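Structure first, then comments.
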Amino acid sequence: MAASPRIVVVTGASGGVGRATAIEFARRGDTVALLARGEKGLAGATADVERAGGRAVPIVIDVADPDAVFAAAARVEDECGAIDVWVNVAFTSVFAPFEQITAAEYRRVTEVSYLGYVYGTMAALKHMRPRDRGTIVQVGSALAYRGIPLQSAYCGAKHAIQGFTEALRCELLHDKSNVHVTMAQLPAVNTPQFSWVLSRLPRRAQPVPPIFQPELVARAILFAADHPQRREYWVGSSTAVTLIANAIAPGVLDRYLAQTGFDSQQTQTDRPPTDPVNLWQPADGRDGRDFGAHGAFDATSHRRDPQVWTSHHHGVVGATVTVAAAALVLGLRALAGRPGSC
């Protein structure tokens with residue numbers, strides 16, 4: 001485990017995965033700069049971080065504004081010290097068929113959910129590269145590899161992050177830099193996004209089951225920050241299954257999702273027209289409320305997954321498999337050497 005306390009920046013820290021991640025860093029006494037738009041959510045996140053034992057530095061910011069992102073990074077460096085870890089989480093999206101999304105909405109999703117990561121990475125590298133140390137964690141998704149219907153803008157952004165991060169990683173390796181960038185590919189998570197993302201679906205949006213609690217993925221993100229030499233982490237069994245299946249039979253998944261992907265992303269409840277929308281303004285702004293880290297699916301969400309443990313302990317799993325295989329070979333040889341064996 002890395003030494004603490006550290007200086008950590010988390011974008012999108014007012015709710016969902018970003019908030020849960022900030023709390024996990026705070027549990028070991030880190031200083032956590034909380035970057036987000038919503039004032040009420042930031043106030044709640046600040047209280048959570050301080051309650052967990054960390055120091056909170058809330059900064060109201062729209063990550064689609066590069067100058068604001070660079071200024072936030074400079075402020076953290078000036079007020080708190082050298083940034084050790086930068087975690088990009090902030091995003092927005094639109095739940096709708098592609099032809100029902102306007103050009104302005106698509107641009108906005110791209111500016112926040114893709115370019116926000118680019119700007120955050122630029123800001124972090126500006127300070128990390130000269131001192132040749134630091135870690136950037138890009139919070140991705142299984143949808144960075146596998147697009148699904150009704151989320152074309154979000155899938156496009158996650159695919160873009162994946163490609164840009166791969167290119168950057170190669171450049172850092174070429175320069176033999178001690179700055180690391182890694183990516184955590186997440187499963188469906190019980191976050192407030194399904195209560196505040198712009199939706200044109202007839203029924204309430206929901207994560208595609210199985211659904212996991214944000215604390216599980218937050219711990220995986222913290223682990224990735226502590227072990228950034230690995231290029232990426234798959235979080236959750238469903239992520240692993242999806243990415244493997246997509247690598248083997250993407251056409252089959254196309255047809256499967258065409259049949260199941262519409263219903264599986266909606267509950268049986270009609271979508272109220274009064275639901276908040278965070279595309280242009282924060283849902284937890286002055287007139288909104290603090291949504292917290294959890295969404296509306298606590299009753300059906302999982303807190304644990306054995307895949308996460310195995311992902312964090314490849315060496316142990318590999319050694320166990322090797323020992324088991326060797327024991328099996330030796331056992332078969334012994335059996336074959338017995339009199340009367342076939």
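As the structure is a computational prediction, the values presented were derived from the model and not from experiment.
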Checklist entry - Is a side-chain donor or acceptor of T191 paired with a backbone partner of H294 at a separation under 3.5 angstrom? => result no
Checklist entry - Okay, side chain of T239, backbone of A142: is any donor-acceptor separation there less than 3.5 Å? => result no
Checklist entry - Is it true that R75 and D78 have a side-chain N and a carboxylate O under 4.0 angstrom from each other? => result no
Next on the checklist: Please evaluate residues K126 and E77 with respect to the criterion salt bridge (charged side-chain N to carboxylate O under 4.0 Å, His left out), reporting the C-alpha separation (whole Å), side-chain torsions for both, the decisive distance (0.1 Å), and the verdict.
Outcome noted: CA-CA 11 Å; K126 178 181 178 180; E77 289 268 330; over 6 Å; no
Next on the checklist: In this structure, is the centre-to-centre distance between the rings of F98 and Y106 below 6.0 Å?
Outcome noted: yes
Checklist entry - Hey, does the side chain of D175 reach the backbone of S177 with a donor-acceptor pair shorter than 3.5 angstrom? => result no
Checklist entry - Does H312 use its side chain to pair, donor to acceptor, with the backbone of A224 at less than 3.5 Å? => result no
Item to check | Where A157 and S113 come nearest, the two heavy atoms and their spacing | outcome: CB-CB, 3.7 Å
Next on the checklist: To check you understand the geometry: which heavy-atom pair defines the closest contact between G81 and I7, and what is its length?
Outcome noted: O-CG2, 4.2 Å
Checklist outcome for this item: Heavy-atom nearest pair, I61 first then A72, reads CD1-CB, 3.9 Å
Item to check | More than 12 heavy atoms of other groups within 6.0 Å of Q281 CD | outcome: no
Next on the checklist: Please determine whether a side-chain nitrogen of the Lys or Arg among R37 and D65 lies less than 4.0 Å from a carboxylate oxygen of the Asp or Glu.
Outcome noted: no
Next on the checklist: Would D298 and R303 count as a salt bridge (charged side-chain N to carboxylate O under 4.0 Å, His left out) here? Give the steps.
Outcome noted: CA-CA 10 Å; D298 279 334; R303 297 183 179 276; 5.4 Å; no
Item to check | Pair V8-D84, side chain to side chain contact (heavy atoms under 4.5 Å, CB included): steps then yes or no | outcome: CA-CA 6 Å; V8 181; D84 296 297; 5.7 Å; no
Next on the checklist: Under 6.0 Å from the ring centre and within 45 degrees of the ring axis: does the NZ or CZ of R28 meet both conditions for the six-membered ring of F25?
Outcome noted: no
Next on the checklist: Below 30° counts as parallel, above 60° as perpendicular, anything between as tilted: where do the rings of F297 and F194 land?
Outcome noted: perpendicular
Checklist entry - Same cluster for V69 and F164 if Ile/Leu/Val/Met/Phe/Trp/Tyr side chains link at under 4.5 Å? => result yes
Item to check | Pair R19 + D290, salt bridge at N-O below 4.0 Å | outcome: yes
Checklist entry - Nearest heavy-atom pair of V179 and L125: which atoms, and what distance? => result CG1-CD2, 3.8 Å
Next on the checklist: Tell me the closest heavy-atom pair linking G18 and V10, and the distance in Å.
Outcome noted: O-CG1, 3.6 Å
Next on the checklist: Quick one: does any side-chain atom of Q185 pair with a main-chain N or O of W234 as donor and acceptor, under 3.5 Å?
Outcome noted: no
Item to check | V208 backbone acceptor or donor facing Q265 side chain under 3.5 Å | outcome: no
Item to check | Check: R204 main-chain N/O paired with T269 side-chain donor or acceptor under 3.5 Å | outcome: no
Item to check | Side chain proximity check, I148 to C155, heavy atoms < 4.5 angstrom | outcome: yes
Next on the checklist: One pair to check against salt bridge (charged side-chain N to carboxylate O under 4.0 Å, His left out): R27 and E24. What are the steps and the verdict?
Outcome noted: CA-CA 5 Å; R27 291 190 196 284; E24 285 300 318; 3.3 Å; yes
Checklist entry - Looking only at atom types and distance, does a side-chain atom of N178 sit under 3.5 Å from a main-chain N or O of R133, one as donor and one as acceptor? => result no
Checklist entry - So, does E105 use its side chain to make a donor-acceptor pair with the main chain of T102 at under 3.5 Å? => result yes
Checklist entry - Any side-chain heavy-atom pair from D254 and R146 closer than 4.5 angstrom? => result yes
Item to check | Joint cluster assignment, I161 & V181, ILVMFWY side-chain distance < 4.5 Å | outcome: yes
Next on the checklist: When you compare the side chains of T165 and Y117, does any donor N or O come within less than 3.5 Å of an acceptor on the partner?
Outcome noted: no
Item to check | Main-chain N/O of G295 paired with N190 side-chain donor or acceptor, under 3.5 Å | outcome: yes
Next on the checklist: Any non-hydrogen side-chain atom of Y154 less than 4.5 Å from a side-chain atom of K158?
Outcome noted: yes
Checklist entry - Do you know the tightest heavy-atom contact between M183 and A144? => result CE-CB, 4.4 Å
